[in-house]
Each structure stands twice: as C-alpha cells, then as structure tokens.
Protein chains: 2
Amino acid sequence: MKEIHVVVAENVKAYRKANKLSLDKVSELTGVSKTMLGQIERGDSIPTITTLWKIANGLKISFTSLIKELTNDVTIISKNDLLELPGNDGKYKVYPYFPFENDKQFEIYMVEIEPGGYLEADPHHEGTEEYITVFDGQLELTIVGQTYLLEKDHSIRFKANCKHAYYNPGNELTRLNMTINYPSM
Amino acid sequence: MKEIHVVVAENVKAYRKANKLSLDKVSELTGVSKTMLGQIERGDSIPTITTLWKIANGLKISFTSLIKELTNDVTIISKNDLLELPGNDGKYKVYPYFPFENDKQFEIYMVEIEPGGYLEADPHHEGTEEYITVFDGQLELTIVGQTYLLEKDHSIRFKANCKHAYYNPGNELTRLNMTINYPSM
DNA sequence: CTCCGTTGTATGTTATAATGCACAAAAATG
DNA sequence: CATTTTTGTGCATTATAACATACAACGGAG
C-alpha cells in the first residue's frame with residue numbers, strides 16, 4: 001500500500017513519459033511550476049489539492065487517474081499472515097482479509113467466536129451496511145434491542161449505523177464472513 | 001465553477017454535520033489536527049493530497065465524494081430459501097445471498113464445490129474484481145492459464161475480467177465466500 | 001566538430017500548510 | 001441555578017509547498 005503522493009508521482013510521470021512531454025511543456029499546460037512538477041514526480045513534495053487540480057485540468061485527464069493505484073492482479077492471503085484484531089474478551093477474533101481501501105467501498109473480514117464469546121460494536125456511519133454469512137455454528141445478533149438468531153448457512157443484511165452486538169450462544173465455534181459496505185456519498 | 005478546495009470544504013463539512021461528528025472526533029478518526037479540519041471547512045487552507053487522503057480513509061468515504069460537487073432495515077436469508085444457480089456438472093453449487101443491486105457495487109455468494117467439481121466462468125466486465133475466502137476444503141483457481149491452490153482459511157483477490165475456472169481438487173466439500181466488486185463508473 | 005537550445009535538478013526565498021495551545025462560547029451535567 | 005465539559009476559532013510556531021533562478025548535462029542543428 002503506497003503513500004498517496006507516491007502514487008500521484010508515478011501517475012504524473014507515467015503520463016508525461018507516455019505522451020513525450022517535457023516538464024516545461026507540462027508546466028505551460030497546467031500553470032504549475034516546472035520545479036514543483038519535478039518535486040512531485042520525484043515524490044519530494046506533497047502537492048495541495050489545488051495543485052493537483054491544475055495538473056488534471058491542464059492535462060485534461062480525470063482527477064482519479066492521478067490518485068488511482070494500479071493494483072496487483074492477484075493477491076493471496078492466509079489467515080496465518082494476518083494480525084488478529086482484538087475482541088474484548090479473547091473469545092471473539094477478527095481477521096481482516098481485505099481492509100478498507102479508498103478505491104473500493106467495502107471491507108471483508110473473517111470472524112471466529114468461541115462459545116460464549118461476545119462483542120458490542122459501536123455504530124458505523126450513516127448508510128453503512130453489514131452482510132454476514134454464518135459458515136459454522138450459530139450467531140445471535142442484537143440490533144437496537146432486537147435479537148436475531150442465525151444458524152449455519154444463514155445470512156443477514158442490516159444497517160450498521162446503530163449499536164449492535166455479536167454473541168455465540170451455542171457450544172461450538174462460530175465462523176462467519178463479514179462484509180461491511182460504506183456508502184459512496 | 002467553484003475552486004476545488006471550496007468544494008472539498010463544503011463536502012467535508014456536510015459529511016460531518018450529517019453524521020453529527022465534532023471536529024475533535026473527526027480529528028481522532030483521521031489523524032488530521034482539529035485546527036486544520038476547521039481551516040479546511042472554512043476554506044482558509046488548501047490541504048495537501050495526503051491530508052485529504054487521511055480524511056477520506058479515516059472517515060471511510062470515497063476520495064471522489066470529497067471532490068465531487070453534492071437507503072430497509074434487516075434482511076435475513078437462509079440457504080434453503082435460495083434458488084441454487086446451476087453449475088455445469090451438478091457438483092458446483094452457487095447460492096446468491098446478496099445479488100447485485102443498483103445502490104451498491106458488489107454481490108455476495110456462497111459457493112459449494114464437491115470433490116472433482118468444476119466450473120469455467122466467463123469474463124466479467126473490465127475492472128471487475130473477485131474476492132474469495134475458503135472456509136472449508138481446497139480450491140484450485142485458474143486465471144488465464146495460471147493456477148493457484150487455496151487451502152482452508154486462505155483468501156484471494158483477482159481481476160475477473162478474463163477467463164477463469166474453479167475446481168475442487170481435494171476429497172472433501174469446498175465451501176467458500178465469493179464477493180464480486182463491480183467498478184463504479 | 002562547435003554552438004545553441006532543451007531538460008531536469010539544486011538552491012534559496014517566500015508564502016502557507018499543519019500543528020499545539022489557549023480561550024470564549026455553547027452545551028451538558030448535577 | 002452553578003459548574004464542568006465540549007466545541008470551534010484565534011494565535012504562534014514549525015515544517016514544507018511552490019516558486020524563481022542558476023546550472024550541468026544532454027541532444028540537436030549547422
């Protein structure tokens with residue numbers, strides 16, 4: 001995961017090379033100084049939003065093409081590779097397989113809850129939704145005082161902008177897939 | 001046509017008010033100082049790309065929602081409720097827990113593949129990505145002739161705009177979660 | 001070949017981004 | 001009601017973004 005200004009640097013440089021433009025020419029087109037363009041391309045300086053806007057507009061390219069990181073084609077992750085996020089009682093374990101990244105609007109976790117394990121979650125922002133599929137065991141989900149019991153192979157979708165809690169009421173490990181969708185305003 | 005930093009100012013402020021967050025809270029979430037957030041919102045300062053990135057990531061909103069000039073409560077699904085989508089050999093079963101809908105950019109399936117089960121998938125649209133987490137068994141995934149073997153508790157992310165195939169090479173049922181992300185155009 | 005123009009980088013300067021701290025006003029609490 | 005906490009803004013400081021200028025190296029023209 002590169003720093004955003006490094007991503008910008010690579011994208012600006014790539015565009016300039018692809019179109020055989022000098023720093024002078026880009027400076028002319030964009031109204032940003034040649035020196036600053038060099039600094040940006042070398043990652044020596046972090047441009048303001050206005051400077052970037054000038055570059056995008058001057059070159060007539062989309063803003064997002066400047067900030068978009070080329071993703072690896074294939075990424076493989078094992079649970080062993082992950083740093084387990086702390087639940088509050090040691091019986092609730094969260095594995096962040098695909099954490100939130102700015103170019104997509106969701107994140108994916110695997111969650112394991114031992115019998116009796118419990119977690120109370122703070123409300124997410126307005127419009128956020130959770131999708132949970134139970135692969136093993138049972139899950140008792142409480143949303144604003146309303147309790148839902150999910151068996152194996154059950155799934156649930158709910159708005160996550162209110163207080164909610166997860167609990168394993170059974171006597172075997174609960175394993176579930178959790179996808180959290182954030183609204184794109 | 002407003003200056004870009006004024007647009008950003010309005011969007012940050014609107015988001016914060018809509019979610020009833022204080023400057024302090026946003027500062028906490030984003031790692032940007034309270035003072036700077038105030039400056040940004042009042043249009044008194046032009047943030048660097050990094051500062052804006054911190055804001056977008058900290059609030060888990062899309063970057064473009066910051067630069068752009070300005071939804072049913074609970075659904076429960078059981079596998080039994082679903083019409084199983086046909087695989088091509090009876091050994092590959094797809095359960096569409098949350099099919100694609102216009103207000104979000106992804107869909108979620110549970111997939112079960114019996115030993116020896118196989119499915120060849122047509123390419124999705126350009127930019128489409130798949131995220132697969134193996135909950136049980138093994139999965140052999142072939143993407144443009146390249147083969148990946150996934151064990152239990154492994155996950156993979158790959159571009160789904162090319163021919164790919166799923167195969168269970170083991171001797172037990174493979175169960176996996178599949179999330180398909182479509183590009184936001 | 002020499003000379004000139006172009007290119008990208010280094011340097012120094014100025015303006016401002018980003019922060020920590022202080023504080024008045026508003027809101028919350030008892 | 002009085003007191004405490006929270007909130008957003010102002011001020012001073014530090015680091016750095018953005019610029020103008022200088023210049024070495026390179027490429028092209030004659």
Side-chain angles (χ1 to χ4, degrees), chain A residues 2-61 63-67 69 102 122-123 125-126 161-163, chain B residues 2-61 63-67 70:
Chain A
K2 293 172 191 165
E3 286 203 35
I4 182 67
H5 77 283
V6 175
V7 175
V8 168
E10 290 172 354
N11 286 336
V12 172
K13 192 165 187 178
Y15 178 88
R16 192 169 65 83
K17 299 293 186 189
N19 290 276
K20 299 177 166 52
L21 299 170
S22 66
L23 286 174
D24 236 3
K25 187 67 188 177
V26 175
S27 175
E28 222 178 275
L29 291 170
T30 61
V32 176
S33 72
K34 181 172 66 164
T35 312
M36 188 56 193
L37 288 166
Q39 285 170 208
I40 293 171
E41 286 193 3
R42 295 192 299 280
D44 288 349
S45 196
I46 303 177
T48 62
I49 191 74
T50 299
T51 299
L52 263 197
W53 192 253
K54 284 180 177 173
I55 293 175
N57 276 21
L59 297 180
K60 297 191 200 287
I61 57 181
F63 196 88
T64 55
S65 68
L66 289 181
I67 62 175
E69 183 174 7
N102 215 271
D122 289 330
H125 300 309
E126 189 69 36
N161 60 345
C162 39
K163 227 165 156 60
Chain B
K2 295 172 192 169
E3 286 206 60
I4 183 67
H5 77 284
V6 174
V7 176
V8 168
E10 291 172 353
N11 286 336
V12 172
K13 191 163 186 177
Y15 180 87
R16 190 169 68 82
K17 299 294 185 188
N19 290 276
K20 298 178 167 54
L21 299 169
S22 65
L23 287 172
D24 235 5
K25 188 67 189 177
V26 175
S27 176
E28 222 178 275
L29 291 171
T30 61
V32 175
S33 72
K34 181 170 68 162
T35 312
M36 189 56 194
L37 288 167
Q39 285 171 208
I40 292 170
E41 285 195 1
R42 296 191 300 278
D44 288 349
S45 197
I46 302 178
T48 61
I49 192 73
T50 298
T51 300
L52 226 43
W53 191 255
K54 284 180 177 176
I55 294 175
N57 269 25
L59 297 181
K60 301 194 176 178
I61 56 180
F63 198 90
T64 54
S65 67
L66 287 182
I67 62 175
L70 288 252

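Chain identifiers are assigned alphabetically (A, B, ...) following the order of the sequence lines, protein sequences preceding nucleic acid strands; residue numbering begins at 1 within each chain.
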Practice problem: Look at the side-chain N and O atoms of Thr48(B) and state whether any lies under 4.0 Å from the OP1 or OP2 oxygen of dA17(C). | Solution: no

Self-check item: Value in whole Å for how far the C1' atom of dT6(D) lies from CD of Glu28(B)
Solution: 13 Å

Quiz prompt | Base dG8(D) paired with Ser22(B) side chain (donor-acceptor, <3.5 Å) | solution = no

Quiz item: Do the side-chain N or O atoms of Arg16(B) get closer than 4.0 angstrom to the phosphate oxygens (OP1, OP2) of dG8(D)?
Solution: yes

Quiz item: Is the distance from OP1 or OP2 of dA17(D) to the nearest side-chain N or O of Arg42(A) less than 4.0 Å?
Solution: no

Self-check item: Rounded interatomic separation in angstrom, taking CG from Asp44(B) and C1' from dG8(D)
Solution: 12 Å

Exercise. For residues Val8(B) and Ile67(B), determine if any side-chain heavy atom of one lies less than 4.5 Å from a side-chain heavy atom of the other.
Key: yes

Practice problem: Answer yes or no: is there an ion pair linking Glu28(A) with Lys25(A), defined by an N-O contact shorter than 4.0 Å? | Solution: yes

Exercise. For Ile40(B) and dT16(C), give me the distance from atom CD1 to atom P, rounded to whole Å.
Key: 16 Å

Quiz item: Out of dT9(C), dA17(D), dA18(C), which has the shortest distance to the side chain of Met36(A)?
Solution: dA17(D)

Practice problem: Go through the steps for Asn161(A) and Asn19(B) under the test side-chain contact (heavy atoms from CB on, under 4.5 Å), then give the verdict. | Solution: CA-CA 10 Å; Asn161(A) 60 345; Asn19(B) 290 276; over 6 Å; no

Quiz item: Are Thr35(A) and dT9(C) close enough that a side-chain N or O sits under 4.0 Å from OP1 or OP2?
Solution: no

Quiz item: Taking atom P of dG8(D) as reference, at what distance in whole Å does atom CG of Leu21(B) sit?
Solution: 10 Å

Quiz item: Any idea how Phe63(B) and Phe63(A) line up, ring-wise: parallel (<30°), tilted (30 to 60°), or perpendicular (>60°)?
Solution: parallel

Self-check item: Lys25(B) NZ - dT7(D) P separation (whole Å)
Solution: 10 Å

Exercise. Compare the minimum distances between each of dT7(D), dC19(D), dT7(C) and the side chain of Asp24(B), then state the nucleotide with the smallest one.
Key: dT7(D)

Practice problem: Would you confirm whether Asn11(B), through its side chain, and Leu66(B), through its main-chain N or O, come within 3.5 Å as a donor-acceptor pair? | Solution: yes

Quiz item: Taking atom C1' of dA17(C) as reference, at what distance in whole Å does atom NZ of Lys34(B) sit?
Solution: 18 Å

Practice problem: Round to the nearest Å and state the distance from Leu37(B) atom CG to dA18(C) atom P. | Solution: 10 Å

Quiz item: Whole Å only: how far is the CD1 atom of Ile46(B) from the P atom of dT16(D)?
Solution: 19 Å

Exercise. Tell me which nucleotide among dT19(C), dA18(D), dG8(D) gets nearest to the side chain of Gln39(A).
Key: dA18(D)

Exercise. Establish, with yes or no, whether the OP1 or OP2 oxygen of dA20(D) is under 4.0 angstrom from a side-chain nitrogen or oxygen of Ser33(A).
Key: no

Quiz item: If only side-chain N and O atoms of Ser45(A) are considered, is one of them under 4.0 Å from the OP1 or OP2 phosphate oxygen of dA17(D)?
Solution: yes

